[in-house]
Amino acid sequence: MEIPSKYDPQIAENRWYDYWMDHKYFHSTPDDREPYTIVIPPPNVTGILHMGHMLNNTLQDLLTRRARMMGKNACWVPGMDHASIATEAKVVAKLKEDGINKSDLTRDEFLKHAWEWTDKYGGVILEQLKKLGCSCDWDRTAFTMDEERYASVIKVFVDLFNKGQIYRGHRMVNWDPEAQTTLSDEEVIYQEKQGLLYYLEYKVVEADGKTPPSGVGGLTIATTRPETILGDTAICINPNDERFKHLKGKKAIVPICNRVIPIIEDEYVDIEFGTGCLKVTPAHDLNDKTLGEKHKLETIDIFNADASLNSFGMHYEGKDRFVVRKEISKELEEIGVLVKTEQYMNNVGTSERTKAVIEPRLSDQWFLKMEDLVKPAINGVLKTDDVKFFPKKFENTYRHWMENIRDWNISRQLWWGQQIPAYYYGDGQNDFVVAETIEEALRLANEKRSVTSSGVEKPLSIDDLRQDEDVLDTWFSSWLWPISVFGGITNPENEEINYYYPTNDLVTGPDILFFWVARMIISGYEYRDKRPFENVYFTGLVRDKQRRKMSKSLGNSPDALKLIEKYGADGVRVGLLLSSAAGNDLMFDEDLCQQGKNFANKIWNGFRLVKGWQVADLPQPEASKLGIAWYQSKFNQTLVEIEDHFSKYRISDALMAIYKLVWDDYSSSLLEIIKPAYQKPIDKTTFNQIISILESNLKLLHPFMPFLTEEVWQHIAERTPEQALIIAEWPKEATVNSELISGFDFAEGVISGIRTIRKEKNIPMKEALAVSVLNKGKVSKNWDAVIKKLTNVSEISYVDVAVDGALSFRVKSNEYFIPISGAIDVEAEIAKIQEELKYTKGFLISVQKKLSNERFVNNAPDKVIEIERKKQADAEAKIETLEKSLASLS
RNA sequence: GGGCUCUUAGCUCAGUUGGUUCAGAGCACCUGCCUUACAAGCAGGGGGUCGAAGGUUCGAAUCCUUCAGGGCCCA
């Protein structure tokens, strides 16, 4: 095969992705091998690839590829999330553009539009993942709204209802007036907003509601929301507040609507805040609702679903809450009720999706009881380590949330999602049943009615049943994901679920720890009695250089596909992984991708060098033999290190270890050691060994840089599909000869010393040097061939006395001399040696100090003392050498 | 306001049970090289009072206390 002079990522990426797909390497079916399973955090169906996805999926691909090479049956299940609120919002917006209002459509008509939208724009992101090299089993692509997943959700809902875990409740919920749906607490974002505090005066009357009391004028309340006074049903004062003793037992009149409301007393009221008089609006504030329940107050809801005022709003009926706020404050001012206004900063809840200001609202909702469900999930993560978090610190966050968990509001007032399988047949509170099918619901309803009603009534028919209009929270489908992708809910004993579940690793962002991760753990224990995954790897958020979160609105997120085009998928993968310790935010900088691209190029050129050599039947040079033996040990040592990093999910450390192995040890050292002289052939032994070494390197690199490595692999030799790198065997840990490693380290010191002198004295590399050595440390001569090769030294001679008129340097207690033509700057040499001497003596003193400290010798472990003794001996030897040199110079 | 967490070189980060020359890595920077795979390269080099102040200890980047300043989650 002809080797192109430049590596072209585009061609290689397309070629090998197609090749991998054609040969079905990504596809998995249960067999005798140990399974390795990852389920993708399903991206929003209409989403597009952003940096967070790139990081996340690169990590998953890397783990999957490594597992595959380790001989496991690797299965990475891809899929998408129907993202009910986000998708419905997009569809509604699109319809609006076309002049269609959602309210003009029937549910079925709307769903038809939504599916059209999904079919048209959905799945783009999955195609983008392929560009990144993701080795997902695409035959298994799942969708949270497809038939299997829909059925799973319904089955689970019915099951939990039957277990008494799901109930209907009248609750104050976070209402998004724009999307006209309920939001979970987690979907509300609190923002500081500048607003006004309005001081309003209410008239006070006697308990009969008519007679103005003598000597009492009125009372003043402070509110940020004057429009809600129309829903006031009480005024509350603190019973300990001396200022308002005279108000006890009286009543107040709400301005404008002139409703007479009681003045109640409760210690809940903060005497310091505002005026000390609190208006109570149970329908529109959570705290007021609690007060209202305690004091049995009336609840008056003044809003429509879109947060415009209803008939309780009187002449403001139909107007938006913010419009009313302005207008009513004007009216209040005109009728002399508005005492004053003040600037006020308050925390306003807004919708994560629509940004609309959240309205607390009372409504009928479905709830899932969490108290019992969380118990095994708390245990599994925090007590038994059945599920492990990386980094561990997120366990604290998890604990705090799980131990303070509230019931989960699982209903959403939307159409795009799994419709709640509750069927109403009458007007009573309990005139409903829950069932997987309407037929079953009918049977249950008739059964229920015959029990509850004494009289003989006509049986109900299907037409008498009304299904609940609401759908389930998106997370109520994704919390089943690791089970439902294998059909483990609808068919709990099927072969696939039994083989692939529990999955191994989950890679996701900490922002959905509660939304998703915690709930999957809960459902895993509930429905499989097993953890859903063993390890959770939390990635950080991807931020830009200025530490800003990458977002569409800021426009600071680079186009993922353009990055791949520019740096190659491998380059981008390396760039992302290089600085992404688990759980740490990643300050993304395109330069990192450049580094990745450079690395790819380095590997490519290293390959070109080797492939360009002529091979001949020659004896193997000593330097090559030793160099290869050393590298093999170095490789194995690094492999141990890499495995350790992987076991702790320190992915960027693993990559860095490989990076240095390949760049420094393999390219800069080993290739230079074995490189034959210009246009000379290489011996066969060395050549075969270096090919084998290159292949091992490629294996380690493959999970990180799949395309480049497969390309090089296939260039090295003709390979059958069974010999493709993607399924090659991951290197096994082997013995490390530490003598070779320390020997090379010493030789490197010598090499570096010679190079430094070359540099200082401007001696070109072409000019061969002769070196003499005073081998005080009795260092093996084995490495001389290597040293000579890497420094262009013609001869290393061993001497007994210092060489006069030569430049010198020292490695440990050995001293090296390089005679050069021309005068030696003796002064400079002396100064250099004195500098070294000073440092070494200082070091020795600190060691001696330590060793002469009785308490140190008595308390420190033997091993530490031994090390200190060795340090002392080394330093003393070095000082001796230095002093001798100094004497010979002066 | 409550909980969690962080602060180490210009940048991004390692630094495990306190103890090897422990003060590190990569990038960036500086200097010299178009050396025959790679200038997307090679060789060499400089750079940090480990946020501050106390304390424990023979010994502290590491443990404790206080302070300062970030970040995340929750209310």
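What's counted below: heavy atoms across the whole structure, side chains too, no hydrogens, waters or symmetry copies. Quick note on labels: first sequence line is chain A, next is B, and so on, each numbered from 1. Everything numeric in this text was worked out from a predicted model, so none of it was measured.
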Gap in Å between the two [atom1] atoms, one belonging to [N] and one to [M], rounded:
N: U49(B); M: A61(B); atom1: P; result: 14 Å
N: G3(B); M: C67(B); atom1: P; result: 14 Å
N: G45(B); M: C50(B); atom1: P; result: 25 Å
N: C58(B); M: G18(B); atom1: C1'; result: 12 Å
N: G59(B); M: A52(B); atom1: C1'; result: 22 Å
N: G26(B); M: A68(B); atom1: P; result: 38 Å
N: U8(B); M: G48(B); atom1: P; result: 15 Å
N: C64(B); M: C22(B); atom1: C1'; result: 23 Å

If you check the [X] side chain, which of [options] turns out closest?
X: Thr756(A); options: U16(B), G45(B), A37(B); answer: G45(B)
X: Arg755(A); options: A43(B), G32(B), U16(B); answer: A43(B)
X: Arg650(A); options: G44(B), A37(B), A14(B); answer: A14(B)
X: Ser752(A); options: C58(B), C73(B), G44(B); answer: G44(B)
X: Lys759(A); options: C58(B), U31(B), G2(B); answer: U31(B)
X: Tyr678(A); options: C58(B), A37(B), U36(B); answer: U36(B)
X: Glu672(A); options: A40(B), C38(B), C73(B); answer: C38(B)
X: Lys602(A); options: A43(B), C38(B), G19(B); answer: C38(B)
X: Thr397(A); options: C73(B), A37(B), G41(B); answer: C73(B)
X: Ser668(A); options: A40(B), A43(B), A14(B); answer: A43(B)

Give the intermediate values and the outcome of side chain to side chain contact (heavy atoms under 4.5 Å, CB included) for residues Tyr659(A) and Asp664(A).
CA-CA 8 Å; Tyr659(A) 181 91; Asp664(A) 299 340; over 6 Å; no
Could you pull out all residues at least two apart from [X] that satisfy salt bridge (Lys or Arg N to Asp or Glu O under 4.0 Å)?
X: Lys566(A); value: Glu590(A)
X: Asp288(A); value: none
X: Arg361(A); value: none
X: Glu395(A); value: Lys392(A)

Hey, are the side chains of Glu880(A) and Ser813(A) touching, using non-hydrogen atoms and a 4.5 Å cut-off?
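Side-chain contact under 4.5 Å: no.
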Write down the atom of Thr791(A), the atom of Val793(A), and the distance for their closest heavy-atom approach.
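Reported closest heavy-atom pair: OG1-CG2, 3.1 Å.
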Taking every non-hydrogen atom, the tightest pair across Cys593(A) and Val572(A)
SG-CA, 3.9 Å
Test side chain to side chain contact (heavy atoms under 4.5 Å, CB included) on Tyr631(A) and Ile673(A); report intermediate values, then the result.
CA-CA 11 Å; Tyr631(A) 184 81; Ile673(A) 289 171; over 6 Å; no
On the nucleotide [N], are OP1 or OP2 found under 4.0 Å from the side-chain N or O atoms that [X] carries?
X: Asn762(A); N: G32(B); value: no
X: Arg869(A); N: G19(B); value: no
X: Lys870(A); N: U20(B); value: no

Hey, which sits more toward the 5' end of RNA chain B by its nearest nucleotide, Lys597(A) or Ala677(A)?
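Going by which nucleotide is closer to the 5' end, it is Ala677(A).
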Starting from the 5' end of RNA chain B, give me the residue, Lys878(A) or Leu671(A), whose nearest nucleotide shows up first.
Lys878(A)
Euclidean distance, atom [atom1] of residue [X] to atom [atom2] of [N] [Å, nearest integer]:
X: Leu286(A); N: A75(B); atom1: CG; atom2: P; value: 11 Å
X: Phe809(A); N: A43(B); atom1: CZ; atom2: C1'; value: 15 Å
X: Glu395(A); N: U5(B); atom1: CD; atom2: C1'; value: 14 Å
X: Gln594(A); N: A39(B); atom1: CD; atom2: C1'; value: 13 Å
X: Leu655(A); N: U12(B); atom1: CG; atom2: P; value: 19 Å
X: Asp511(A); N: C4(B); atom1: CG; atom2: P; value: 21 Å
X: Gln614(A); N: A37(B); atom1: CD; atom2: P; value: 13 Å
X: Met765(A); N: G32(B); atom1: CE; atom2: C1'; value: 14 Å

Has Glu866(A) got more than 12 heavy atoms of other residues, nucleotides or ligands less than 6.0 Å from its CD?
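Open.
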How are the rings of Phe515(A) and Trp475(A) set to each other: parallel, tilted or perpendicular (split at 30° and 60°)?
parallel
Compute whether any side-chain donor of one residue and acceptor of the other, for Asp683(A) and Thr686(A), lie under 3.5 angstrom apart.
yes
Across the strands shown, which category fits Asn396(A) at heavy-atom distances under 4.0 angstrom: base, sugar-phosphate, nothing?
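Sugar-phosphate contact only - Asn396(A) comes under 4.0 Å of backbone atoms but never of a base.
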In which ranges does RNA chain B form stems of 3 or more consecutive Watson-Crick or G-U pairs, distances under 3.5 Å?
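B:1-7 with B:68-74, B:10-13 with B:24-27, B:29-33 with B:41-45, B:51-55 with B:63-67 - these are the stems of 3 or more pairs that involve RNA chain B.
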What N/O pairs connect the protein and nucleotides 26-28 of chain B at under 3.5 Å? Give each pair on its own line.
unit_1 : atom_1 : unit_2    : atom_2 : d
G26(B) : O2'    : Gln595(A) : NE2    : 2.7

